[in-house]
Amino acid sequence: MEKKYDLFIINLKDRIDRRKHCLNQFKDKTEFGVTFVDAIRHEIGAIGLWQTMREIIKSADNKQLSYVIICEDDHSFTDFYKYEFLESSISNVENLNGDLLLGGLSYFEDAVQISKSFFWVNRFTGFQFAVVFKRFYKRFLALELSDDDNIDIQMRCISDKIFCVYPFISIQAEFGYSDVTKKNEGIGIVNRYFEQSQERFDTLFRLRRYFDDFK
């Protein structure tokens, strides 16, 4: 298949285990044009990650790309990933003038089901696989973060058009350590976050179907 998606994976040079993990995730995904980006080092991991994201978005803006996919090196595809599913999800969110399309969430505050295959969300964590659309580039680049800010949650300050696919096509792999969020260190913690978020989406999906049938 011809390369369809410009995808950039953020990776610290010395995190060879994570690099190998991500290479394995995309080894049979020929639809992606994969580029590894050396993460900017900062004493606060979240700030270094944000600075690296800014460089990717600056490049996408200069090239006038319609959208770009940013991927963290702990991203893992779920069994629900299909090329056609991602393609239709991107197209649908584009038609809604969306700013972000997320592959999966470890947390969200509020959500509304837009179709059977994606939800609107207003506050989230989970940027390990994110489609960033051109209309959002300038606002993304203009956002300033303090040392205590959470990158993902601050997205709510500059966008009310953030969507997530359903079911999740991406979760975070567990490595027993975190380069960004120290409270997430330890086996099993991150997995539980994603499982709980998926279960909440499942509940909202069932409620929507019930009330649609009821009408």
Side-chain angles (χ1 to χ4, degrees), residues 3 5-63 65 67-78 81 86 100-107 124-132 136-137 140-155 162 164 168-194 197:
K3 297 281 188 292
Y5 304 114
D6 293 293
L7 181 140
F8 296 85
I9 301 172
I10 299 173
N11 172 250
L12 286 167
K13 276 187 175 181
D14 57 341
R15 296 305 194 193
I16 298 172
D17 54 342
R18 289 171 175 258
R19 185 183 181 92
K20 288 181 178 178
H21 163 79
C22 244
L23 283 171
N24 188 57
Q25 292 299 305
F26 290 96
K27 67 181 181 181
D28 60 346
K29 306 291 191 304
T30 57
E31 62 267 33
F32 294 99
V34 174
T35 301
F36 277 88
V37 178
D38 291 336
I40 296 172
R41 286 192 177 276
H42 192 283
E43 61 182 2
I44 300 173
I47 298 299
L49 176 61
W50 176 251
Q51 292 172 343
T52 311
M53 288 178 177
R54 284 174 56 86
E55 293 305 309
I56 295 171
I57 295 300
K58 282 181 184 177
S59 177
D61 191 26
N62 290 335
K63 294 177 182 177
L65 298 179
Y67 55 83
V68 64
I69 302 176
I70 295 178
C71 191
E72 296 177 13
D73 58 8
D74 56 0
H75 151 75
S76 290
F77 282 114
T78 72
Y81 174 78
L86 179 60
L100 290 174
L101 175 63
L102 308 168
L105 300 174
S106 56
Y107 166 83
F124 73 94
T125 58
F127 215 95
Q128 77 286 343
F129 186 98
V131 182
V132 185
F136 192 51
Y137 293 167
F140 194 105
L141 294 172
L143 181 64
E144 296 293 336
L145 296 182
S146 70
D147 291 351
D148 296 326
D149 283 335
N150 181 295
I151 300 170
D152 305 348
I153 290 177
Q154 286 304 308
M155 293 296 100
I162 301 173
C164 181
F168 295 166
I169 62 170
S170 169
I171 60 173
Q172 290 176 305
E174 303 235 23
F175 289 90
Y177 64 88
S178 173
D179 292 319
V180 178
T181 310
K182 294 304 177 184
K183 71 175 184 178
N184 289 343
E185 293 186 338
I187 298 299
I189 295 174
V190 172
N191 280 343
R192 284 198 296 274
Y193 289 155
F194 279 90
S197 293

Applying side-chain contact (heavy atoms from CB on, under 4.5 Å), run through Phe127 and Leu49 and close with a yes or a no.
-> CA-CA 11 Å; Phe127 215 95; Leu49 176 61; over 6 Å; no

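- Here the straight-line distance linking atom NZ of Lys63 with atom CG of Asp61 works out to 12.0 Å at 0.5 Å rounding.
- With hydrogens and angles ignored, the 3.5 Å screen pairs a side-chain donor or acceptor of Ser197 with a backbone N or O of Ser106.
- Annotation: the span from Leu141 atom CG to Glu55 atom CD amounts to 9.0 Å, rounded to 0.5 Å.
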Begin from the C-alpha positions of Met53 and Phe140 and carry the test side-chain contact (heavy atoms from CB on, under 4.5 Å) through to its verdict.
-> CA-CA 9 Å; Met53 288 178 177; Phe140 194 105; 4.0 Å; yes

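- At least one donor-acceptor pair under 3.5 Å links the side chain of Tyr137 to the backbone N or O of Leu65.
- Across every non-hydrogen atom of Ala46 and Ile151, the tightest pair is O-CD1, 2.9 Å.
- Considering every non-hydrogen atom in both Ser146 and Ile47, the closest pair reads O-CD1, 3.6 Å.
- In terms of the ring pair (Phe, Tyr, Trp, His ring centres under 6.0 Å) criterion, residue partners of Tyr67 (sequence neighbours excluded) are, by chain and number, Phe133.
- Phe77 and Phe32 have tilted rings, their planes meeting at an angle from 30° to 60° on a 0 to 90° scale.
- The heavy-atom pair separating Asp17 from Phe175 by the smallest distance is OD2-CD2, 3.7 Å.
- Across all non-hydrogen atoms, the minimal contact from Gln172 to Asn191 is O-OD1, 3.8 Å.
- One finds the CZ atom of Phe124 at 6.0 Å from the CG atom of Leu100 (value rounded to the nearest 0.5 Å).
- If you take CZ on Arg54 and CG on Leu143, they are separated by 8.5 Å, rounding to the nearest 0.5 Å.
- Taking each heavy atom of Leu105 and Gly126 in turn, the nearest pair found is CD2-O, 4.3 Å.
- Put simply, the side chain of Tyr81 reaches to within 4.5 Å of the side chain of Lys29, judged on heavy atoms.
- To the nearest 0.5 Å, atoms CG (Asp74) and CZ (Arg18) are separated by 5.0 Å.
- The main-chain N or O of Ile40 is found under 3.5 Å from a side-chain atom of Thr52 such that the two form a donor-acceptor pair.
- In this structure, Asn62 contributes its side chain and Lys58 its backbone to a donor-acceptor pair below 3.5 Å.
- Using modelled atom types, no side-chain atom of Thr125 and backbone atom of Asp152 make a donor-acceptor pair closer than 3.5 Å.
- A heavy-atom distance below 4.5 Å is found between the side chains of Phe36 and Leu23.
- Side-chain contact check for Ile56 versus Val132: every heavy-atom pair is 4.5 Å or farther apart.
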Take Phe194 and Thr78, measure what side-chain contact (heavy atoms from CB on, under 4.5 Å) needs, and give me the verdict at the end.
-> CA-CA 11 Å; Phe194 279 90; Thr78 72; over 6 Å; no

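- Here the straight-line distance linking atom CD of Gln128 with atom SG of Cys71 works out to 7.5 Å at 0.5 Å rounding.
- Checking side-chain atoms of His21 against main-chain N and O of His75 turns up a donor-acceptor pair under 3.5 Å.
- The two residues Ala39 and Leu12 come nearest to each other via the heavy atoms CB-CD2, 3.7 Å.
- Salt bridge status for Arg41 with Asp14: present, with a side-chain N to carboxylate O gap under 4.0 Å.
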